[in-house]
Amino acid sequence: MSAENQNWFELKEVGGSLWHFRFMLWITCHLPLPVVEFLVAVVCFFFWLGAAPVRARSKAYLKRLYALQGRNVPPFATYRHVLSFALSMIEKLLGWRGVIPLKNVETQGDDLDMLVEQLDRGEGAFLICSHLGNMEMLRSLTGYGKIHTHRQFTVHPVVDFSGTSKFNALLYELNPDLMNTVVDANKIGVDSAVGMKDWIASGDLVVIAGDRTSANSTDRNVEMKFLGETANFPEGAFTLASILNAPIYFAFAIRKKDFDIRSSYEMHIVRAKTSFDCSRKERSARVAALVQEYVGMLEKHCLRHPYQWYNFYNFWRKNF
């Protein structure tokens with residue numbers, strides 16, 4: 001299979017040896033952020049020149065997005081996409097070091113207050129995020145007690161570690177306590193689902209991305225039109241929502257300025273209209289409705305911030 005058509009978990013982790021990531025951490029810790037941005041831009045340019053498969057996968061996404069707007073892909077758009085992703089990795093390191101202040105996160109007048117009130121009552125929730133923007137923002141802020149609520153709570157992310165082992169090892173070194181709350185997406189079973197129910201009942205959050213299939217369940221998908229063409233979204237994340245039957249929210253944390261890691265962030269928290277207070281017979285239709293809600297929001301934010309969606313594989317290929 002060509003590299004352009006491989007699924008995300010079949011691709012090798014970009015970045016080489018662990019020392020490359022350690023060097024990234026060193027410059028993040030010791031150099032001014034404008035210098036870090038300059039160095040990242042230079043390194044990314046040379047990486048982009050030699051990474052034809054990455055350029056092709058980026059263009060497959062950008063072409064669909066700009067076609068929906070009646071535009072051609074701008075020159076160097078794939079480079080901007082790669083650069084934005086590299087800056088997001090720096091951004092994650094900053095978050096896991098606890099240096100991003102809560103004041104840099106701007107609320108959007110959506111359903112955040114509803115979620116805060118719910119958490120203050122000791123009631124948890126199920127959040128569906130994406131690979132748009134910084135999906136680690138909520139976890140890194142709460143890990144350092146930077147929250148809007150009056151009571152402390154824990155974020156339990158459901159994560160597939162396939163293809164990101166080196167970078168995750170670095171995050172573990174930065175803050176082991178944050179990594180210890182993670183649920184391995186490839187090991188979810190009855191016991192872990194019961195544990196998630198208990199966490200939510202005790203007032204915690206369970207968070208999962210809804211825009212990548214699990215490496216162990218590539219055939220369980222929901223077809224949905226995304227950026228003008230049918231794509232496969234993972235059924236598992238949304239089926240898990242139906243099993244847990246907890247309040248469901250969509251969460252997006254997006255840099256306001258795509259190429260500035262000193263930028264403030266937009267935190268979007270929206271309560272899903274779909275619930276699962278229904279019979280088992282109706283559940284599959286409700287799952288499809290929840291996916292449709294999610295895809296509509298994801299598409300809206302991708303159109304506003306096209307360079308911040310970091311799924312560098314052919315999302316629209318069939319049978320993935």
Side-chain angles (χ1 to χ4, degrees), residues 88 91-92 95-96 100 102-120 123-149 151-160 178 181-183 185 196 199-200 203-212 224 226 233-234 236-242 244-256 263-276 287 289-305 308-311:
S88 79
E91 187 179 67
K92 287 179 182 180
W96 278 61
I100 297 179
L102 186 59
K103 67 179 182 180
N104 277 22
V105 181
E106 298 180 1
T107 59
Q108 304 301 306
D110 42 34
D111 295 326
L112 176 62
D113 288 343
M114 183 190 302
L115 178 59
V116 167
E117 289 172 9
Q118 187 175 313
L119 291 168
D120 277 336
E123 302 168 8
F126 185 77
L127 270 60
I128 304 177
C129 66
S130 73
H131 291 82
L132 175 78
N134 186 352
M135 58 189 291
E136 301 283 350
M137 180 64 72
L138 184 64
R139 182 161 49 136
S140 60
L141 287 173
T142 55
Y144 287 93
K146 300 175 182 180
I147 52 179
H148 288 284
T149 59
R151 58 175 288 275
Q152 295 290 323
F153 61 91
T154 301
V155 176
H156 300 274
V158 181
V159 178
D160 192 326
L178 280 179
T181 64
V182 172
V183 178
M196 290 181 214
W199 290 330
I200 292 172
D204 289 343
L205 298 178
V206 174
V207 185
I208 191 170
D211 58 352
R212 276 191 192 171
M224 203 64 61
F226 176 58
F233 283 83
F238 303 94
T239 299
L240 182 59
S242 74
L244 297 178
N245 195 20
I248 303 165
Y249 292 82
F250 303 120
F252 301 90
I254 307 167
R255 284 194 307 277
K256 293 184 73 174
S263 169
S264 54
Y265 304 86
E266 301 172 1
M267 178 66 81
H268 298 265
I269 302 288
V270 178
R271 176 75 182 260
K273 297 181 178 68
T274 305
S275 65
F276 290 94
V287 167
L290 182 63
V291 177
Q292 190 165 34
E293 269 193 81
Y294 171 81
V295 171
M297 293 204 63
L298 177 63
E299 181 171 285
K300 179 182 77 171
H301 290 305
C302 281
L303 289 168
R304 289 182 59 244
H305 293 278
Q308 290 194 54
W309 193 53
Y310 307 126
N311 264 337

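Just so it is clear, the structure is predicted and the values come from calculations on it, not from any experiment. We're numbering straight along the sequence, starting at 1.
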Looking at every non-hydrogen atom in both residues, tell me the closest pair between [X] and [Y] and how far apart they are.
X      : Y      : result
Phe276 : Ala241 : CD1-O, 4.1 Å
Met267 : Asp110 : O-OD2, 4.0 Å
Gly124 : Leu119 : CA-CD2, 4.3 Å
Arg212 : Pro234 : O-CG, 3.2 Å
Ala209 : Ala237 : O-CB, 3.8 Å
Tyr249 : Asp111 : CE2-O, 4.0 Å

- Message: So does Glu106 get a backbone contact from the side chain of Gln108, meaning a donor-acceptor N/O pair under 3.5 Å?
- Response: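 Yes; at least one donor-acceptor contact below 3.5 Å.
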- Does Ser242 reach the main-chain N or O of Thr239 with its side chain, forming a donor-acceptor pair under 3.5 Å? yes
Say you draw a straight line from [atom1] of [X] to [atom2] of [Y]; how long is it, rounded to the nearest 0.5 Å?
X      : Y      : atom1 : atom2 : value
Lys273 : Leu290 : NZ    : CG    : 11.5 Å
Asp211 : Cys302 : CG    : SG    : 8.0 Å
Ile200 : Phe153 : CD1   : CZ    : 13.0 Å
Ser275 : Asn245 : OG    : CG    : 7.5 Å
Glu293 : Met224 : CD    : CE    : 10.5 Å
Phe252 : Asn134 : CZ    : CG    : 13.5 Å

- With sequence neighbours left out, the residues meeting side chain to side chain contact (heavy atoms under 4.5 Å, CB included) with Thr154 are His156, Thr181, Asp204
- Note on the structure: side chain to side chain contact (heavy atoms under 4.5 Å, CB included) filter on Arg304, not counting sequence neighbours, yields Glu266, His268, His301
- Message: Show, in sequence, the C-alpha distance, side-chain angles and deciding distance for Leu115 and Leu205, and conclude whether the side chain to side chain contact (heavy atoms under 4.5 Å, CB included) test is met.
- Response: CA-CA 10 Å; Leu115 178 59; Leu205 298 178; 4.2 Å; yes
- Message: Would Ile269 and Phe250 count as a side chain to side chain contact (heavy atoms under 4.5 Å, CB included) here? Give the steps.
- Response: CA-CA 6 Å; Ile269 302 288; Phe250 303 120; over 6 Å; no
[X] side chain near [Y] side chain, heavy-atom distance below 4.5 Å:
X      : Y      : result
Met196 : Leu240 : yes
Glu123 : Glu117 : no
Gln308 : Ser88  : no
Tyr310 : Leu132 : no

- Query: Quick one: does NZ or CZ of Arg255 land under 6.0 Å from the six-membered ring centre of Tyr265, within 45 degrees of the ring axis?
  - Reply: no
- Message: Using the ring centroid of each side chain, check whether Tyr294 and Phe238 are separated by less than 6.0 Å.
- Response: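 For Tyr294 and Phe238, the ring centres are under 6.0 Å apart.
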- Query: So, do Phe233 and Phe226 have ring centers that fall under 6.0 Å from each other?
  - Reply: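 So the answer is yes for these two rings.
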- Item | Derivation and outcome, side chain to side chain contact (heavy atoms under 4.5 Å, CB included), residues Val158 and Val206 | CA-CA 7 Å; Val158 181; Val206 174; 4.0 Å; yes
- Message: Can you confirm whether Gln292 is buried at CD, in the sense that more than 12 heavy atoms of other residues, nucleotides or ligands lie under 6.0 Å from that atom?
- Response: no
